Novice: 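Structure in structure tokens, see below.
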Amino acid sequence: MAELNSTFTTTTKDRRTKQDFLASRTFFVLTVFPVLLIVIITVALFLRAQPILSEYPLTDLLLGEIWKPNQGLFGFRPFILGTIWVTTVGVILSVPASILTSIYLAEYAHARTRAIAKPILDLLAAIPPVVYGVWGLLAVVPFVDDVLAPLAEGRLDSISIFSVTQPTGFGILAGGIVLAVMIAPLIISVTFEVLSTVPNDLRHASLGVGATQWQTIRTVVLPQTLPGIIAAVVLGASRALGETIAVLMVVGNVPKVPTSIFDTAYPLPALIANNYGEMMSIPLYDAALLGAALVLLVVILIFNILSTLVLQRMLRRK
Amino acid sequence: MKKKHFEQRHLVELFIKTIMRIALIIVASSLGLILWTIISRGLPSLTWDMVTQIPKGGYYMGKEGGILNAIIGSIYLASGGTLIAIILSLPIALYLQAYAQDSKWGDYVRLSLDVLWGIPSIVYGAFGFALMIMLGLRASLIAGIIALALVELPIMTRAMDEVIRRMPKDLEHAALALGSTKFEVALRVVTRQMLPGIITGILLAFGRGIGDAASVLFTAGYTDRIPTSLMNPTASLPLAVFFQLGSPYPEVRERGYAAALILTIIVLFVSFASRWLASRLSKYSVK
């Protein structure tokens with residue numbers, strides 16, 4: 001801001017400084033837009049969800065078990081738990097492979113391997129969600145049905161979260177596998193960036209006193225970068241929370257609280273996508289769906305702001 | 001004793017390295033698996049009619065026609081969204097580098113762009129639709145374009161910001177020392193020097209926009225016709241895939257796989273084009 005003021009005092013000398021002043025003002029006004037947009041989206045969703053928030057206590061909505069809009073029952077619990085299940089499975093499947101990959105790329109890989117890996121990750125990130133959904137439908141669902149479910153059946157039945165409950169392959173595990181692949185490029189690229197903030201001198205010092213590369217990574221690189229890596233995982237998780245079409249296509253969409261990874265689920269984004277825009281004649285339905293969007297938005301905002309703040313700090317140090 | 005310790009940690013090193021290589025192979029091969037699935041299932045039902053004709057009567061029951069409406073619709077939607085996003089992104093990115101530098105305000109703007117980038121497209125779609133109800137608008141090309149512009153804006157701006165940040169400071173200082181204003185530096189030096197990166201950012205956002213389904217689901221609607229005005233509802237490729245897969249007719253589902261292949265080809269083409277253009281244009285940048 002100080003800069004703007006100083007431009008102002010020396011201004012009006014000639015056309016060019018005037019032009020510069022005008023441009024800086026216009027550009028500045030444009031930068032207000034993204035900041036404002038977050039507020040506008042949140043407020044707009046809140047206002048549209050207001051009718052249902054004033055009708056029912058928040059706890060009833062969030063913890064209510066039954067979703068029957070035409071009877072005035074709006075329990076989000078099955079959807080919220082469905083979202084948490086799918087996201088958790090996706091993150092658990094994605095994190096080990098993603099972090100190991102980015103450590104390998106950052107610490108071990110030849111420039112040539114990196115040059116091959118980067119476009120592969122870019123393409124993986126570029127594939128549209130609906131194509132991931134098609135892949136899920138054609139490859140992952142049958143894989144769960146033909147391979148993973150029979151594998152778990154009989155062996156893991158005693159553990160309730162692995163018990164096979166329905167014979168289709170659609171469900172949390174299929175959704176989680178698709179999500180795991182979808183969020184991998186994001187986690188890998190952010191972790192890679194975080195790892196590359198560690199100065200090479202530190203690595204050389206450690207290697208110089210005889211540590212192996214893995215000892216160096218474990219004792220020098222990882223402790224320093226842990227907050228950033230956690231932030232990368234949180235970013236991945238928030239991406240998974242909001243993923244709509246790909247998950248919707250493979251997760252089964254049954255509004256029931258899941259108890260096993262082979263259960264079907266009905267995550268919040270799928271609820272919105274499947275029902276919004278239709279059946280607006282049912283009172284409060286529209287408000288309930290925008291309330292679902294608001295819940296999703298608030299959780300994702302918190303995740304994103306925290307992880308971005310951590311990352312901004314770490315990456316600035318470079 | 002000493003010798004054993006030495007061997008053990010080297011064994012660990014080897015073990016960890018192997019696991020990491022396996023992880024990399026798993027990640028990389030998932031791309032191969034996805035492409036293989038899409039190509040092997042999509043190619044058999046891909047016909048010339050699909051990309052040259054709009055749906056005829058009974059198309060969704062397996063009769064004649066194609067999805068040209070969705071291909072054109074997607075190109076309109078993504079181009080419009082990208083255009084609006086450029087108009088906002090480029091000044092914001094230039095401001096962040098030329099004027100805001102490392103100020104507090106710059107940090108806030110970057111933070112909010114990163115946060116916007118993380119907001120799922122279904123939320124943009126729902127927000128756009130809520131706005132449309134308030135304004136009394138129906139599902140239309142322009143509503144879809146605006147929703148996509150919101151999805152693309154943070155991706156594009158952050159990509160531009162990252163490349164502009166990498167510009168050699170000497171170039172900027174030299175221009176300033178010759179008496180240029182910051183605006184002239186931004187317009188004549190930064191945008192030219194960083195053109196390859198800026199184009200990469202634009203194409204990245206375009207690719208994201210053309211593949212996004214959740215944001216256009218309520219805002220752009222779906223129709224069998226090619227839109228002739230901004231107020232017409234507009235079909236899009238991702239939704240064409242999505243709707244055809246939900247069909248009870250196997251022939252229509254097969255066409256859905258083919259539509260997914262078309263979408264994948266377009267997105268991969270955009271991705272390769274941006275890579276090629278960037279390396280092509282970087283010849284004209286000062287090294």
Side-chain angles (χ1 to χ4, degrees), chain A residues 3 16-17 19-20 23-24 27-28 30-31 33-35 37-38 41 44-45 48 97 100-101 103-104 108 117 120 122-124 126-131 134-135 137-139 181 184 212-215 235 238-239 242-245 269 272-273 276-277 290 293 296-297 300-301 304-305 308 312, chain B residues 9-10 12-13 16-17 19-21 23-24 26-28 30-31 33-34 37-38 41 88 91-92 94-95 99 105 107-116 118-120 122-123 126-127 129-131 154 181-183 207 211-214 217-218 238 241-242 245 257 260 263-264 267-268 271:
Chain A
E3 248 159 352
R16 289 172 51 239
T17 42
Q19 180 193 45
D20 183 50
S24 77
F27 287 10
F28 171 75
L30 288 175
T31 61
F33 180 69
V35 183
L37 187 60
I38 298 174
I41 292 177
L45 289 184
R48 299 286 304 179
L100 287 172
T101 301
I103 295 177
Y104 183 75
Y108 289 95
I120 291 179
D122 285 351
L123 288 183
L124 216 46
I127 291 178
V130 74
V131 174
V134 173
W135 173 65
L137 212 56
L138 291 175
V181 182
T212 62
Q213 243 178 321
W214 173 244
Q215 284 175 320
L235 272 187
S238 80
R239 185 57 50 92
E243 184 42 54
T244 311
I245 295 288
I272 304 167
Y276 197 51
L290 287 174
L296 200 62
L297 177 69
I300 288 173
L301 282 183
N304 267 302
I305 291 174
T308 308
Q312 269 192 355
Chain B
R9 67 200 181 100
H10 281 267
V12 171
E13 175 84 21
I16 287 283
K17 220 165 148 178
I19 290 188
M20 286 179 175
R21 287 218 175 97
L24 176 64
I26 291 174
V27 172
S30 57
L31 177 69
L33 280 175
I34 293 168
T37 307
I38 301 295
R41 294 298 294 268
L88 291 168
I92 294 175
L94 289 175
Y95 183 87
Y99 298 96
W105 177 246
D107 274 355
Y108 287 138
V109 176
R110 286 193 181 103
L111 173 66
S112 51
L113 284 166
D114 283 343
V115 170
L116 283 174
I119 293 179
I122 185 80
V123 171
F127 167 70
F129 191 70
L131 272 190
T181 61
K182 283 183 167 182
F183 178 62
D212 198 72
L217 185 60
F218 323 119
V241 177
F242 182 58
L245 282 182
Y257 307 148
L263 179 59
T264 310
V267 167
L268 294 189
S271 183

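Only a predicted model underlies this, so the values are computations on that prediction, with no experimental measurement involved. Order of the sequence lines sets the chain letters (A, B, ...), proteins ahead of strands, with each chain counted from 1.
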Novice: Against chain B, label Leu235(A) side chain, backbone, both or neither, depending on which of its atoms sit under 4.5 Å from a heavy atom there.
Specialist: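 Neither; nothing under 4.5 Å.
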
Novice: Side chain, backbone, both or neither: which part of Leu45(A) has an atom under 4.5 Å from a heavy atom of chain B?
Specialist: side chain

Novice: Specify which of Ile305(A), Ile103(A), Leu138(A), Ile300(A) makes the most heavy-atom pairs with chain B at under 4.5 Å.
Specialist: Leu138(A)

Novice: Is the shortest side-chain heavy-atom distance between Tyr95(B) and Leu30(A) below 4.5 Å?
Specialist: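 The answer is no; the side chains never approach within 4.5 Å.
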
Novice: Listed by chain and number, what are the side-chain contact (heavy atoms from CB on, under 4.5 Å) partners of Ala126(A), not counting sequence neighbours?
Specialist: Val267(B)

Novice: Of the listed residues (Thr181(B), Leu33(B), Thr264(B)), which shares the most heavy-atom pairs with chain A below a 4.5 Å separation?
Specialist: Thr181(B)

Novice: Do you know which of Ala184(A), Pro269(A), Pro128(A) has the most heavy-atom pairs with chain B at a distance under 4.5 angstrom?
Specialist: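 The option with the most such pairs is Pro128(A).
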
Novice: Is there a side-chain contact (heavy atoms from CB on, under 4.5 Å) between Leu116(B) and Phe33(A)? Walk through the geometry before answering.
Specialist: CA-CA 11 Å; Leu116(B) 283 174; Phe33(A) 180 69; over 6 Å; no

Novice: Check whether Leu217(B) gets within reach of chain A through its side chain, its backbone, both or neither, counting any heavy atom under 4.5 Å.
Specialist: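 Just its side chain gets close to chain A.
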
Novice: Indicate yes or no: at least one non-hydrogen side-chain atom of Leu124(A) is less than 4.5 angstrom from one of Val27(B).
Specialist: yes

Novice: Among Leu37(A), Thr308(A), Thr31(A), Asp122(A), which residue has the highest count of heavy-atom pairs closer than 4.5 Å to chain B?
Specialist: Thr31(A)

Novice: Considering only heavy atoms, which portion of Val35(A) lies under 4.5 Å from any heavy atom of chain B: side chain, backbone, both, or neither?
Specialist: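 For Val35(A), backbone and side chain are both near chain B.
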
Novice: What pair of heavy atoms forms the shortest contact from Leu123(A) to Ser271(B), and how long is it?
Specialist: CD2-OG, 3.5 Å

Novice: Considering all heavy atoms of both residues, which atom of Val123(B) and which atom of Ala293(A) are nearest to each other, and what is their separation?
Specialist: CG2-O, 4.2 Å

Novice: Nearest 0.5 Å please: distance from the OG1 atom of Thr37(B) over to the CH2 atom of Trp135(A).
Specialist: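 So the gap between those two atoms works out to 7.5 Å.
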
Novice: Closest heavy-atom contact between Gly118(B) and Arg239(A)?
Specialist: CA-NH2, 4.1 Å

Novice: At a heavy-atom separation under 4.5 Å, does Leu131(B) approach chain A through its side chain, its backbone, both, or neither?
Specialist: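 Neither part; nothing is under 4.5 Å.
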
Novice: Indicate whether the side chain of Gln312(A) and that of Arg110(B) have a donor and an acceptor atom separated by less than 3.5 Å.
Specialist: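 No.
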
Novice: Could you tell me which portion of Arg16(A) (side chain, backbone, both or neither) has an atom closer than 4.5 angstrom to a non-hydrogen atom of chain B?
Specialist: both

Novice: So what's closer than 4.5 Å to chain B heavy atoms on Leu296(A): side chain, backbone, both or neither?
Specialist: side chain

Novice: Name the region of Ile38(B), side chain, backbone, both or neither, that has any atom closer than 4.5 Å to a heavy atom of chain A.
Specialist: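 Only the side chain of Ile38(B) comes within 4.5 Å of chain A.
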
Novice: Between atom CG of Leu297(A) and atom CD1 of Ile119(B), what is the distance when rounded to the nearest 0.5 Å?
Specialist: 5.0 Å

Novice: Looking at every non-hydrogen atom in both residues, tell me the closest pair between Gly242(A) and Pro120(B) and how far apart they are.
Specialist: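 Here Gly242(A) and Pro120(B) meet closest at O-CB, 3.4 Å.
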
Novice: Applying side-chain contact (heavy atoms from CB on, under 4.5 Å) to Phe129(B) and Leu290(A), what does each step give before you reach the verdict?
Specialist: CA-CA 10 Å; Phe129(B) 191 70; Leu290(A) 287 174; over 6 Å; no

Novice: Does the plane of the ring in Phe27(A) sit parallel, tilted or perpendicular to the ring in Tyr99(B)? Use 30° and 60° as the thresholds.
Specialist: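 Because their plane-to-plane angle is over 60°, the rings of Phe27(A) and Tyr99(B) count as perpendicular.
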
Novice: Could you tell me the separation between the CD1 atom of Ile245(A) and the CD1 atom of Ile122(B), rounded to the nearest 0.5 Å?
Specialist: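 So the CD1 of Ile245(A) and the CD1 of Ile122(B) are separated by 6.5 Å.
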
Novice: How close do Met20(B) and Tyr108(A) get, counting heavy atoms only, and between which atoms?
Specialist: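 Heavy atoms only, the tightest pair is SD-CE1, 3.6 Å.
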
Novice: Quick one: which of Leu137(A), Ile120(A), Val181(A) has the most heavy-atom pairs under 4.5 Å with chain B, could you say?
Specialist: Ile120(A)

Novice: Which one, Ala213(B), Gly207(B), Gly211(B), leads in non-hydrogen pairs under 4.5 Å with chain A?
Specialist: Gly211(B)

Novice: Chain A: which of Ile92(B), Asp212(B), Leu94(B) shares the most heavy-atom pairs with it under 4.5 Å?
Specialist: Ile92(B)

Novice: What residues, two or more places apart in sequence or in another chain, satisfy side-chain hydrogen bond (donor to acceptor under 3.5 Å, both in side chains) together with Gln213(A)?
Specialist: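 By the side-chain hydrogen bond (donor to acceptor under 3.5 Å, both in side chains) rule, Gln213(A) matches no residue at all.
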
Novice: Please classify the contact of Leu245(B) with chain A as side chain, backbone, both or neither, using a heavy-atom distance under 4.5 Å.
Specialist: side chain

Novice: Could you look at Thr212(A) and say if it's the side chain, the backbone, both or neither that has a heavy atom under 4.5 Å from chain B?
Specialist: both

Novice: Please identify, among Leu263(B), Asp114(B), Ile16(B), the residue contributing the most non-hydrogen atom pairs under 4.5 Å to chain A.
Specialist: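 Sorted descending by pairs with chain A, the first entry is Ile16(B).
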
Novice: Pick from Phe127(B), Tyr257(B), Phe242(B): which one has the most heavy-atom pairs with chain A under 4.5 Å?
Specialist: Phe127(B)

Novice: Let me confirm one number: the CD1-CG distance from Ile127(A) to Leu268(B), rounded to the nearest 0.5 Å.
Specialist: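 It is 6.5 Å, given to the nearest 0.5 Å.
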
Novice: Which one wins on heavy-atom pair count under 4.5 Å against chain A: Leu24(B), Val109(B), Leu113(B)?
Specialist: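 Most pairs with chain A among the choices: Leu24(B).
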
Novice: State, to 0.1 Å, how close Ala23(B) and Ala97(A) come at their nearest heavy-atom pair, and which atoms those are.
Specialist: CB-O, 3.6 Å

Novice: Is Val131(A) close to Val241(B) at the side-chain level, that is, under 4.5 Å between some pair of heavy atoms?
Specialist: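 No, too far: nothing below the 4.5 Å cut-off.
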
